[in-house]
2 protein chains.
Amino acid sequence: MAGKGLNPKQTRMMEFIREFDEERGYKPSIRDIQQSCGISSTSVVDYNLRILEREGYIRRDREVARGIELLEGGRRRRASTGVPVLGYIAAGEPIPVLTQESWGSIEPVDVLDLPREFLGKEREVYALRVKGTSMIDALVDDGDVVIVQPVTSIQDGDMVVAWLKVEKEVTLKRIYREGNRIRLQPANASMQPIYVDSENIDVQGKVVAVLRSIK
Amino acid sequence: MAGKGLNPKQTRMMEFIREFDEERGYKPSIRDIQQSCGISSTSVVDYNLRILEREGYIRRDREVARGIELLEGGRRRRASTGVPVLGYIAAGEPIPVLTQESWGSIEPVDVLDLPREFLGKEREVYALRVKGTSMIDALVDDGDVVIVQPVTSIQDGDMVVAWLKVEKEVTLKRIYREGNRIRLQPANASMQPIYVDSENIDVQGKVVAVLRSIK
DNA sequence: CCCCTCAAGGAACGTATGTTCTGCATAGCC
DNA sequence: GGCTATGCAGAACATACGTTCCTTGAGGGG
């Protein structure tokens, strides 16, 4: 199907629709587009919107005010969810504890919109920014963002955020229960596991994703 | 400001607005909400929307059809952009080459909606899924997604996607030009750099972000 | 009991907004 | 020259949609 690319007017319209949506959270009306793109008539906007729809850039719902859906590469975007960034996680400092009750009441520093694919199935996840390189053995570097799902049930092999009481340290490791003690396995297979007493560990949550912005 | 939480009706409304937007790409009208949430009158919807706005869950533009903006944690979501996933990257295989011309014409496998923060300033970035653990020294594991900005100008210290002709290998490393040869430095400081001839390397792009979904 | 607020129902109103129709250029084609 | 497709202009039209007003009913205070 499809054809050549878009002409300048249509490109301008696409850009405007994207920007408008980003700025205001909803789509522009035909007259919004008309004015902002310097188009003389609503019918011209409609005419070009039809083309944009035919070429697969947008989807329109007829008779619906502001009923434009932006498609990306011809397909619908992956569903995403807002994830609150609650603070920092660093080796030497206690982690912000999140209980069922405090959920929602802690003021997020920021909110990231992330594809569901990278989150667990659970809705209630939060994000922490990593300070320092102490968790490099979990393939997590300074400045990374980890997505954490608060403790519910931990299974062997889960990557968890754990507070080691004696060492006064936060760590990210895969966890395995072995009788009375717990084995913490670094993600990097070439590194040795460490063993801790079950009493010495406080599991805060399960890491479901890591994000890194480079340089 | 704010008060207690939302009542069931308001919670239902919030959920509906989110789902509607996700499904159709634009916001519901008051009457859409009325019908789908089993509310008897538009004025009741309006009444509760005012509350949602007062409590900071949404922002409304008066007189504007479907003019609802969803706020998350009281603040606007970070702007995000659709990033096309173009395929796989694996140690033994050539990378899908992306030139200025082929941009836009390659059919993306998928599209991810990502916060701008994790992307470079450039618009034209794409994503590749990583196969295998051969790039673990760059803190990149099997199954990760790397966000790549096509080659423009590479600076010393940039993390790049490089094809080593002789070795027939793709690799992710920080790059440093040292006269006639090139030093490729693993991200993990404990690992040794490798050196290659400038003729032997084909830089495909610059890695601007890494995403990992765990288990 | 009266008065007030919170929550809701029902209907009417006005305008914001998509649609459509008529007309007019320009360009390519046979 | 006719014929058609593309792209634009202007206006009228129909309705989708937010707003507002009038009521009602259940609590709570005095």
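Sequence lines set the chain letters: A, B, ... in the order given, protein chains first and strands last, and positions in each chain run from 1. All figures in this text were calculated on a predicted structure; none of them were measured in a lab.
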Mind checking what makes ring pair (Phe, Tyr, Trp, His ring centres under 6.0 Å) contact with B/Y176, not counting sequence neighbours? none
Residues two or more places apart in sequence or in another chain: which of them pass salt bridge (charged side-chain N to carboxylate O under 4.0 Å, His left out) with A/R31? none
Polar atom pairs (N or O), protein with nucleotides 25-28 of chain C, under 3.5 Å:
none

Whole Å only: how far is the CD1 atom of A/I33 from the C1' atom of D/dC8? 16 Å
Whole-Å distance separating the CD atom of A/Q34 from the P atom of D/dA11: 12 Å
Given C/dC6, is OP1 or OP2 found less than 4.0 Å from the side-chain N or O atoms of B/N7? no
Using a 4.0 Å heavy-atom cut-off to protein, can you give one letter per nucleotide of nucleotides 12-27 of chain D, 5' to 3': B if the base is in contact, S if only the sugar-phosphate is, - if neither? ----SBBBBB------
Please check the phosphate of C/dC6 (OP1 and OP2 only) for any side-chain N or O of B/N48 closer than 4.0 Å. no
Does B/D32 have any side chain to side chain donor-acceptor pair (under 3.5 Å) partners at least two apart in sequence or in another chain, and if so, which? B/S29, B/R66
Checking side-chain hydrogen bond (donor to acceptor under 3.5 Å, both in side chains) for the pair B/D21/A/Y26: CA distance, chi angles, key distance, verdict? CA-CA 9 Å; B/D21 182 35; A/Y26 51 83; over 6 Å; no
Got a sec, which residues hit salt bridge (charged side-chain N to carboxylate O under 4.0 Å, His left out) with A/R12, two or more places apart in sequence or on another chain? none
Separation of C/dA7 P from B/M13 CE (nearest whole Å): 13 Å
Counterpart residues, side chain to side chain donor-acceptor pair (under 3.5 Å), relative to B/D46 (two or more places apart): B/R50, B/R60
note: A/L49, atom CG; D/dG7, atom P; distance rounded to Å ~ 14 Å
Test of understanding: with side chain to side chain donor-acceptor pair (under 3.5 Å), list the residues that count as partners of A/S41, not counting sequence neighbours. A/S43
Ion pair present between B/D61 and A/R24, side-chain N to carboxylate O less than 4.0 angstrom? yes
In whole Å, what is the span from the CD1 atom of A/I39 to the C1' atom of C/dG18? 15 Å
Roughly how many Å is it from OH in A/Y26 to C1' in C/dG18, rounded to a whole number? 17 Å
A/Y47 side chain near D/dG7 phosphate (N/O to OP1/OP2, under 4.0 Å): yes
Without decimals, in angstroms, what is the distance between A/Q35 CD and C/dG18 P? 12 Å
Rounded to whole Å, CZ of B/R12 lies from C1' of C/dA8 at a distance of 17 Å
For A/D142, salt bridge (charged side-chain N to carboxylate O under 4.0 Å, His left out) partners two or more places apart: none
